[in-house]
Amino acid sequence: MIRKDAIENIIENIEDELIICNIGVPSKELHAIKDRPENFYMIGSMGLASSIGLGLALTKPDKKIIVIDGDGSVLMNLGSLVTVFAQNPTNLTWIVIDNGVYGSTGNQETYAQKIDLLEIAKSIGFDAHNWEDIDLKEIINNKKCSFIKFNVESGNSDAPNIDLTPIEIKKRFMDELKKN
C-alpha cells in the first residue's frame, strides 16, 4: 500500500469533517480522490499542517478536524507534537502517513526510519494508535486529541496537479467555514 491508498482509506471514513492536508503530492492525491470545499490543500508550507489544524480546531470547537500529514513534515516541525497536545483540542484527529521518505521531493529517506513517531506521540500523552488497530470513525468521535500513524510503502501516484490556485483554495475553504 502506498500513500494514495492510505488517503483512500481515510476518505472512506470521512463525512463532513474539515481536512487539512500535507503539502505536495499528498494534497494532489487527496484532490484527485475526493475534492470538496472542506479540504484545505497545503501548498508551500511544509511542516505546518498540524499548526493550521490546531488553529482551526481551537476556533471551530464544534467541528471535527482531520490533519493528514507525513512523517517528513512532522519531523520538520516536531515541536508541534507538544504544542498540539498541550492545547488538547478534543475535535482534532492527526493522521501521519509514514512512508519513511520525503515523497514530494524525490523520496529521500526521513529519520522516521530510525525513530518511532507513534512512541513519541504516546510519550507526550496523545491518544495514539497504529492505523491497523483502529476504527477511524470511532477515533474521530472519541472527544480526544488523537494521533494515528499509518505505515505505507514509499511511492507517489500519478495524481494530476490541483486545478485551483492557492487563493482559490483558501477562498473556497473560508467560504465553507462561514457556513458552519
- Message: Looking at Glu8 and Lys4, is any side-chain nitrogen of the basic one under 4.0 Å from a carboxylate oxygen of the acidic one?
- Response: yes
- Message: I'd like to know if the side chain of Asp98 reaches the main chain of Gly70, judged simply by a donor and an acceptor atom lying under 3.5 Å from each other, with no hydrogens or angles considered.
- Response: no
- What distance separates Cys21 SG from Ile169 CD1, expressed to the nearest 0.5 Å? 10.5 Å
- Cationic N near anionic O, under 4.0 Å, Lys28 to Asp158: no
- Apply side-chain contact (heavy atoms from CB on, under 4.5 Å) to Ile20 and Leu56, showing your working. CA-CA 9 Å; Ile20 306 299; Leu56 194 57; 3.8 Å; yes
- Note on the structure: dist Asn151:CG -> Ile97:CD1 (nearest 0.5 Å) comes out at 10.5 Å
- Message: If the condition is ring-ring contact (aromatic ring centres under 6.0 Å, His included), which residues does His31 pass it with, not counting sequence neighbours?
- Response: Tyr41
- Please examine the side chains of Glu29 and Arg3, heavy atoms only from C-beta on, and report whether any two atoms are closer than 4.5 Å. yes
- Residue pair Val67 / Ile95, side-chain heavy-atom distance below 4.5 Å: no
- Is a side-chain N or O of Ser45 found less than 3.5 angstrom from the main chain of Leu48, in a donor-acceptor match? no
- If you measure from CD1 on Ile19 to CD1 on Ile10, what distance do you get to the nearest 0.5 Å? 8.0 Å
- Under-4.0 Å salt bridge between Asp175 and Lys171: yes
- Contact summary for Leu92 and Gly53, nearest pair of heavy atoms: CD1-O, 3.8 Å
- Message: Please check this pair: side chain of Ser73 against backbone of Asp69, looking for a donor-acceptor N/O pair closer than 3.5 Å.
- Response: no
- At what distance, to the nearest 0.5 angstrom, does CG of Leu54 lie from CZ of Phe85? 12.5 Å
- Message: Give me the atom names and distance for the closest heavy-atom approach of Ala121 to Leu81.
- Response: CB-CD2, 4.5 Å
- Leu177 vs Leu18 side-chain heavy atoms within contact, under 4.5 Å: yes
- Item | Electrostatic pair Lys122:Asp127 at N-O distance under 4.0 angstrom | no
- Query: With a 4.5 Å limit on heavy-atom distance, are the side chains of Asn130 and Ile134 in contact?
  - Reply: no
- Would you say the side chain of Ile148 lies within less than 4.5 Å of the side chain of Ile139, judging by non-hydrogen atoms? yes
- Answer yes or no: is there an ion pair linking Glu176 with Arg36, defined by an N-O contact shorter than 4.0 Å? no
- Will you find, in the side chains of Asn99 and Ser154, an N or O donor that is under 3.5 Å from an N or O acceptor? no
- Item | Verdict with reasoning, Cys145 to Val84, per side-chain contact (heavy atoms from CB on, under 4.5 Å) | CA-CA 8 Å; Cys145 185; Val84 170; 3.8 Å; yes
- Task: Check Asn13 against Asn9 and note the closest heavy-atom contact, atom names and distance.
- Result: ND2-O, 2.9 Å
- Query: Below 4.5 Å, heavy atoms only, C-beta onward: do Ser51 and Thr83 meet side chain to side chain?
  - Reply: no
- Taking everything shown except Met174 itself, do over 12 heavy atoms lie less than 6.0 Å from its CE? no
- Do the rings of Phe126 and Trp94 sit parallel, tilted or perpendicular, given the 30° and 60° boundaries? perpendicular
- Do other residues, nucleotides or ligands put more than 12 heavy atoms under 6.0 Å from the CD atom of Glu153? no
- Is the side chain of Asp5 donor-acceptor paired with the backbone N or O of Ile2 at a distance under 3.5 Å, no angle test? yes
- Would you indicate whether the side-chain heavy atoms of Ile124 and Glu119 approach each other to under 4.5 Å? no
- Task: Just do the side-chain contact (heavy atoms from CB on, under 4.5 Å) check on Ile140 and Ile14 with the steps written out, would you?
- Result: CA-CA 9 Å; Ile140 290 170; Ile14 297 300; 4.2 Å; yes
- Roughly how far, to the nearest 0.5 Å, is the CE atom of Met42 from the CG atom of Asn22? 7.0 Å
- Task: Say whether Lys64 and Asn141, considering side chains only, have a donor N or O and an acceptor N or O under 3.5 Å apart.
- Result: yes
- Electrostatic pair Asp16-Lys63, nearest N-O below 4.0 angstrom: yes
- Query: Measuring from Ile120:CD1 to Leu75:CG, what's the distance to the nearest 0.5 Å?
  - Reply: 7.5 Å
- Query: Taking the side chain as C-beta and beyond, is there a heavy-atom pair between Ser27 and Leu30 under 4.5 Å?
  - Reply: no
- Task: Can you see which heavy atom on Val152 is nearest to which on Met1, and at what distance?
- Result: CB-O, 3.4 Å
- Message: For Leu118 versus Asp116, what's the shortest heavy-atom pair and its separation?
- Response: N-OD1, 2.9 Å
- Shortest non-hydrogen pair, Val96 vs Asp71, comes out as CG1-N, 3.7 Å
